[in-house]
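Accompanying notes for the structure given below.
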There are 2 protein chains.
Amino acid sequence: MPRGLHLLASSRRDRCRLLPQSNKRVVPGATVGRLPAYLQALTELSEAGSRRVASDELASVTGVRSAQLRKDLSYLGTYGVRGVGYDVSQLIDEITAELGLTQDWPVIIVGMGNMGRALAAYGGFGQRGFRIVALADDDPSIVGDVVQGLPVCRLADSLAANERLAIGVITTPADQAQQIADRLVEHGVQSILNFAAIALRVPDNVDVRRVDLSTELQILAFHAQRRDMAKGREGVG
Amino acid sequence: MPRGLHLLASSRRDRCRLLPQSNKRVVPGATVGRLPAYLQALTELSEAGSRRVASDELASVTGVRSAQLRKDLSYLGTYGVRGVGYDVSQLIDEITAELGLTQDWPVIIVGMGNMGRALAAYGGFGQRGFRIVALADDDPSIVGDVVQGLPVCRLADSLAANERLAIGVITTPADQAQQIADRLVEHGVQSILNFAAIALRVPDNVDVRRVDLSTELQILAFHAQRRDMAKGREGVG
DNA sequence: TAGACCTTGTGAAGAAAAGCACAAAGTCGA
DNA sequence: TCGACTTTGTGCTTTTCTTCACAAGGTCTA
Ligand SMILES: NC(=O)c1ccc[n+]([C@@H]2O[C@H](COP(=O)([O-])OP(=O)(O)OC[C@H]3O[C@@H](n4cnc5c(N)ncnc54)[C@H](O)[C@@H]3O)[C@@H](O)[C@H]2O)c1
Ligand SMILES: NC(=O)c1ccc[n+]([C@@H]2O[C@H](COP(=O)([O-])OP(=O)(O)OC[C@H]3O[C@@H](n4cnc5c(N)ncnc54)[C@H](O)[C@@H]3O)[C@@H](O)[C@H]2O)c1
């Protein structure tokens, strides 16, 4: 089986080409990355009672340029009305469908330490089709705990009890992450969200995204240092 | 004060231009985003006893192409030796300096719920110059708790007690995030890591990065759906 | 019904990032 | 010392992403 390497959270090469037979357009990876933000803003607008929204407004709320927003939406098809804007609920439906959020995505979290428990407690998971169906840990003193109504099991038992698992979330120490990923993949999991600071090797047909606190902080530090240098130079020069 | 809007975690426009007087090169934003990964791989190599590493090897470990790795490193200056590779510890020093990790970055975490506590417990923070110096929360039943050796204070008290705060981490509910960001900014914080699902409005001189679980899951779902569609079509056609 | 007025959708241009391929520059053994 | 061999650094090409700017297409008022 061919194996790719997935280290960086936002792979730039994830352009999404639908099958040629399909008349749907290619949706660029960069666009896919922004759709969730649009969706969220639209949901808030909808709850606030808005029925329509113009690209300028939605763009402003989500922090992108209006031209970019329009181009992004244009990949989903043409749903705006010139002179008026977009129908909020129609756009919600459209993005929801495009992202696959009408489907049911059973999620397993492996590693019920601090992070795993925080994720399990996070309500936002439950919305949008994501459903936590299993919690796994290896530590005998943790196995058997009930977290958010779900029992913590050993990974093997969790897998045995859940034939279909769409998404695996890994929140174990980094040195365990690879073997856990291997077991998830073997069980048919094709989407992995990895919190451990390690590059997972998985087959090409498996999608890994990484969330790395440390990376985010370091990027912030880089910019902060640059600001400081600029300021120092300014003061001197 | 001019205000920008920062919604997406990885703003594509964050190219980093050093001052003209400086002879250092411009480091593209995409490169900055990969440096932490290189640094981590190098640290592991160093701990494993490697003194030198070739671009092919380091690229393979971090999941990028070797040409890209070399180009990335070339922005830091020329530190490789042709025919041999790179000196591991020298490269570590170089990247560390470039990212500003030789400096001290005092961090405050605001919102000591599940996520905030998980972050406070996360050891990886302490390395690399990041130092958690304050924990803040509003809930009277939480204020006064000692988490990881630090007392939880009200935000106002935390700010009063810490004149210099370089990085603010926001782990409160989304509806509180903006006002907390405002207070952090007012106190001089110029780097914010936002876990709340909301686009923060901050002045141009403030850098916001967002970590959003929900976004990551939705991107995974998009790709998973695409895979399923491809498979379904394959089976049918 | 007509014309003023909006806002979309998009072609084209521009900018950024990725990838290729090879000359340059070093090592190392004999 | 020399020549075979290795790996870097980078100019150039290709691809991807963003931004511009405006015609097209629709609304709304009178
Ligand atoms: N906590 C954070 O804020 C944070 C932030 C960034 C990254 N991370 C990363 O996330 C991961 C988890 O962090 P944490 O703070 O929750 O750690 P933790 O030590 O609290 O939890 C890890 C859990 O994984 C379990 N585990 C270990 N090996 C296992 C295995 N083979 N199978 C199943 N379970 C296993 C342990 O029993 C433990 O409960 C780490 O890799 C860490 O680097 C954490
Ligand atoms: N927990 C997760 O896994 C997770 C994942 C993704 C996103 N998030 C986001 O991170 C944030 C925190 O999540 P959580 O699960 O830790 O929530 P939580 O409810 O457990 O914690 C929030 C904490 O913030 C405190 N708080 C509220 N208002 C405050 C204020 N004005 N000043 C200071 N403190 C205040 C509360 O007292 C509470 O302790 C939320 O916005 C959530 O959407 C969490």
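Each chain gets a letter, A, B and so on, in the order its sequence line appears, and its residues count up from 1.
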> Can you find a pair of side-chain heavy atoms, one from B:R34 and one from B:T62, that are under 4.5 Å apart?
Replying inline: no

> Is any side-chain heavy atom of B:D207 closer than 4.5 Å to a side-chain heavy atom of A:F222?
Replying inline: no

>> Can you measure A:Q90 atom CD to C:dT8 atom P for me and round it to whole angstrom units?
In response: 14 Å

>> Nearest whole Å is fine: how far is D:dT16 P from A:Y75 OH?
In response: 11 Å

> Nearest-Å distance, CG (B:L76) to C1' (D:dT10)?
Replying inline: 15 Å

>> Rounded to whole Å, please give me the gap between CG in A:L69 and C1' in D:dC17.
In response: 15 Å

> Is any side-chain heavy atom of B:L42 closer than 4.5 Å to a side-chain heavy atom of B:Y86?
Replying inline: no

> In whole angstroms, how far is the P atom of D:dC17 from the CZ atom of A:R34?
Replying inline: 9 Å

> More than 12 foreign heavy atoms under 6.0 Å from CZ of A:R51: is that the case here?
Replying inline: no

> Any sub-3.5 Å donor-acceptor pair from B:T171's side-chain atoms to B:V110's backbone N or O?
Replying inline: yes

>> One character per nucleotide, please: for nucleotides 20-30 of chain C, 5' to 3', B when the base has a protein heavy atom closer than 4.0 Å, S when only the sugar-phosphate does, - otherwise.
In response: BB--BBSSS--

> Mind checking what makes side chain to side chain contact (heavy atoms under 4.5 Å, CB included) contact with A:Q90, not counting sequence neighbours?
Replying inline: A:Y79, A:D87

> OP1, OP2 of C:dG9 versus side-chain N and O of A:Y86: anything below 4.0 Å?
Replying inline: yes

> Expressed in angstrom and rounded to an integer, what is the separation of B:E57 atom CD from D:dT8 atom C1'?
Replying inline: 15 Å

> Between B:Q68 (CD) and D:dG11 (P), how many Å, whole number?
Replying inline: 17 Å

>> What is the distance, to the nearest angstrom, from the CG atom on A:L73 to the P atom on D:dT18?
In response: 14 Å

>> Strictly below 4.0 Å: does A:S55 bring a side-chain N or O up to OP1 or OP2 of C:dT7?
In response: no

